[in-house]
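Have a look at the structure below, then the notes.
Lettering follows sequence order; numbering is per chain, from 1.
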Amino acid sequence: MKIYNTLTKQKDDFKPINPPLVTFYACGPTVYDFFHIGNGRTFIMTDVVRRYLIYKGFKVKFAMNLTDVDDKIIKKANSEGKSASDVSKKYSDEFFKDLEALKIRKADFYPRATEHIIEITNMISKLESNGIAYNVNGDVFFEVNKFDNYGKLSGKNLDELEIGARVEINDSKKNSLDFALWKKAKEGEPYWESPWGKGRPGWHIECSAMSTKHLGETIDIHAGGNDLIFPHHENEIAQSECSSGKEFVKYWIHFGFLNIKEEKMSKSLGNFYTARDILKKYSAEAIRMLFCQTHYRGPMNFSFELLDASEKGLAKLQNIVDMIISNKDSADEKINSEFDFAKYYRNFEEAMDDDFNTPQAVAVIFDFVKDYNKFIVDNNNVSKAFWQGGYDFLYRTALEVLGIIDLGVNEISDNTKLTNELINLLLEIRAKLKAEKKYLLSDEIRNRLGEIGVSVKDTKDGSTFRIN
RNA sequence: GGCGCUGUACCCAAGCGGCUUAAGGGGAAGGUCUGCAAAACCUUUAUUCAUCGGUUCGAAUCCGAUCGGCGCCUCCA
């Protein structure tokens, strides 16, 4: 299995430090607002990466941080006359709601900056005693010149950065690229006590401290959006490696941006849609499908036309899923199927093993569906094993890894079990009506079911239904 | 100025040296099946991969130049 590693700028063989364990950290949101669908792409693709690692048999320990104290939160709190913690509480709650709606699996940990002040100040103290951090009247900075490898991730070098500098001038820093580890509290800002006085953590240090605490000094994978490569991830490396003396991360994964009309979707440009707005009109599966149809590293365009197209493509998958679910418990065992399921697993894995090539993987699933349908058309009577095999394949790939179909919808709780039985009862009666050519009544049943959200389709093997 | 990404059909998008005279999805056109809906199935829709050169037995894939588009270097997924 190969993963493109930003650090080496090539696809590296994936060899975790302590297999089957994989330690995986992803940069999460700053909780000051709803997240937009561009952020959603990163969260969803991170989820797909994690799910595939699980599919491959790894035991993944996954943490995603929440930045719950920073300038944007404080600003929002001030403008709304609330406390910073009220703001971060509100938007972290909303964050979790959106994740769930997008069918993203919960992380093992969601560490928050404000809950790790001790780990953070300890790390800063260590950097200070190593002579790498310096205190200027309560602000503590990281001295980039003290870390020889500074720039190894982003491919930048210090001299050029200083020349082209668009960085803000700050006379108190030794080098304009030095970054804050600890920020002295200004009047009215939230603060914590520290060896340097009242203040709060700088942005980058929380990830170093929390990653180390929950996953160890050297972790396997660290992921985030492209725009975090510099300075955020570069700074994380500097802090962590100067503090532990060990390599911080083996594999760095970065996601491409979501563009809208050829421009990066971003809060500051105002050209964004929140994830929850999109979810009002489109299914999580359609959104995930859209993202899976482009490779995670490249940029991708967003538009409602593309989402419509994904939703339509999805219907093709969902139709076969409905047919499988309707048949897998009732088909007879007489005819042996010779459908080569292994081929599709192989192709799926081959695609995903190559740096998570989800567009290819989706293509494999569509190939499968086409061939599977054809098999049904070509063979009058297929076996139970055939239905079960199809169920298993789609369950393991399209549902468990990519999350682009909804297999369980017709068979979840006891409550839906009863509903299903009632619908099946209606459909049995309807089948009798059809046999007697009483189409007026049978059509009425279908229409009325449609009105209450149950779509019915007739096939040569009987009717299938789906609860919308 | 530095670093990086990108240009494949009507749209989206894989492929990154021979398996490919280019996957998959959407769209469009025709057909089969069918009480009707729907689905499914079968055809068709890029001799061509921004342009021009070069390397090679062989290039969409490697190299060079040219012309576009985008991002990072400041908060940003």
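- Of the candidate nucleotides B:A77, B:A14, B:C73, B:A14 has the atom lying nearest to any side-chain atom of A:Q360.
- A donor atom on one side chain and an acceptor atom on the other are found under 3.5 Å apart for A:N65 and A:E206.
- The aromatic rings of A:F302 and A:Y273 lie tilted to each other, with the angle between the two planes from 30° to 60°.
- Between A:Y296 atom OH and B:G71 atom P the separation is 21 Å, expressed in whole Å.
- Salt-bridge annotation for A:E94 and A:R276: present, with a side-chain N of the basic residue lying under 4.0 Å from a carboxylate O of the acidic one.
- Between A:K103 and A:D47 no salt bridge is recorded (no basic side-chain N to carboxylate O distance below 4.0 Å).
- A:Y439 comes within 4.0 angstrom of a base, heavy atoms only.
- Contact annotation for A:I229: no contact, since no heavy-atom pair falls under 4.0 Å across all strands.
- If you take atom C1' in B:G18 and the same atom in B:A50, they sit 25 Å apart, rounded to whole Å.
- Comparing the C1' positions of B:A22 and B:U55 gives a spacing of 23 Å, expressed to the nearest Å.
- A side-chain donor from one of A:Y296 and A:D355 sits under 3.5 Å from a side-chain acceptor of the other.
- Nucleotide B:C72: paired with B:G2 (Watson-Crick or G-U wobble, both distances less than 3.5 Å).
- Nucleotides B:A14 and B:C5, compared at atom P, are 15 Å apart to the nearest Å.
- Per the geometry, CE belonging to A:M289 stands 14 Å off P belonging to B:A14, to the nearest Å.
- Between the side chains of A:S92 and A:R112, a donor-acceptor pair is found at a separation under 3.5 Å.
- Within 3.5 Å, no donor on the side chain of A:N259 pairs with an acceptor on the base of B:G71, nor the reverse.
- When both distances must be under 3.5 Å, the Watson-Crick or G-U wobble mate of B:A50 is B:U66.
- The CG-C1' distance, from A:L427 to B:A38, rounds to 14 Å in whole Å.
- Contact annotation for A:F257: base contact, defined as any heavy-atom pair under 4.0 Å involving a base atom.
- If you take OH of A:Y282 and P of B:G26, they are 16 Å apart, rounded to a whole angstrom.
- Between A:D353 atom CG and B:A14 atom C1' there is a gap of 16 Å when expressed in whole angstrom units.
- The A:K9 side chain lies nearest to B:G4 when the options are B:G27, B:G4, B:A77.
- One P atom belongs to B:A23, the other to B:A9, and the distance between them is 14 Å to the nearest Å.
- Using Watson-Crick or G-U wobble geometry with both donor-acceptor distances under 3.5 Å, B:G18 finds its partner in B:C57.
- Residue contacts for A:V364: at a heavy-atom cut-off of 4.0 Å it reaches no nucleic acid atom on any strand shown.
- Side-chain atoms of A:S442 lie closest to B:G35 of the nucleotides B:G24, B:G35, B:G71.
- Checking the phosphate oxygens (OP1, OP2) of B:G15, a side-chain nitrogen or oxygen of A:N357 falls inside 4.0 Å.
- Listed candidates were B:G35, B:G69, B:G24. Nearest to the side chain of A:K434 is B:G35.
- The listed nucleotides are B:A23, B:C75, B:A77; the one nearest the side chain of A:P231 is B:C75.
- Rounded to whole Å, the distance from NE2 on A:H295 to P on B:G15 is 7 Å.
- The base-pairing partner of B:A13, taking Watson-Crick or G-U wobble contacts with both distances under 3.5 Å, does not exist among the strands shown.
- More than 12 non-hydrogen atoms from other residues, nucleotides or ligands lie less than 6.0 angstrom from OH of A:Y345.
- Positionally, the nearest nucleotide of RNA chain B for A:L290 lies more toward the 5' end than for the other of A:L290 and A:E262.
- If you check every strand for non-hydrogen atoms under 4.0 Å, A:G40 touches nothing.
- Comparing B:A59 with B:U20, their C1' atoms sit 12 Å apart, to the nearest whole Å.
- Pairing for B:C36 is absent, with no Watson-Crick or G-U wobble pair whose two atom distances lie under 3.5 Å.
- Base engagement by A:A363 is indicated by at least one non-hydrogen atom pair under 4.0 Å involving a base atom.
- The interatomic distance linking A:M352 (CE) with B:G24 (P) rounds to 19 Å, in whole Å.
- For the pair A:M300 CE and B:C11 P, the computed distance is 16 Å after rounding to whole Å.
- Checked for salt-bridge contact, A:D322 and A:K457 miss the test: no charged N lies under 4.0 Å from a carboxylate O.
- Residues A:K186 and A:D71 are not paired through a salt bridge, judged by the lack of any N-O separation under 4.0 Å between the basic side chain and the carboxylate.
- For B:C11 and B:C19, the C1' atoms lie 29 Å apart once the distance is rounded to whole Å.
- Straight-line distance between the P atoms of B:C70 and B:C63: roughly 24 Å, to the nearest whole Å.
- In this structure, A:R446 reaches the bases: a heavy-atom distance under 4.0 Å links it to at least one base atom across the strands shown.
- For A:K156, taking side-chain heavy atoms from C-beta onward, the closest of the listed nucleotides B:G35, B:C72, B:A77 is B:C72.
- Looking at heavy-atom distances under 4.0 Å, A:G38 makes contact with a base.
- Pair check for B:G27 finds B:U45; Watson-Crick or G-U wobble, both atom distances under 3.5 Å.
- Using P as the reference atom, B:C36 and B:C49 are 47 Å apart when rounded to the nearest Å.
- A:K184 has no carboxylate O lying under 4.0 Å from a charged side-chain N of A:E189, or vice versa, which leaves the two without a salt bridge.
- Residue A:S154 is classed as a sugar-phosphate contact, given heavy-atom separations below 4.0 Å to backbone atoms only.
- A salt bridge links A:K56 with A:D353: the closest approach of a Lys/Arg side-chain nitrogen to an acidic carboxylate oxygen falls below 4.0 angstrom.
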Between the protein and nucleotides 39-42 of chain B, which nitrogen or oxygen pairs are less than 3.5 angstrom apart?
| from | atom 1 | to | atom 2 | distance (Å) |
| --- | --- | --- | --- | --- |
| B:A39 | O3' | A:N319 | ND2 | 3.3 |
| B:A40 | O3' | A:N373 | ND2 | 3.3 |
| B:C41 | OP1 | A:K370 | O | 3.3 |
| B:C42 | OP2 | A:K370 | NZ | 3.4 |

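- Using a 4.0 Å heavy-atom criterion, one finds that A:K72 contacts the sugar-phosphate atoms exclusively.
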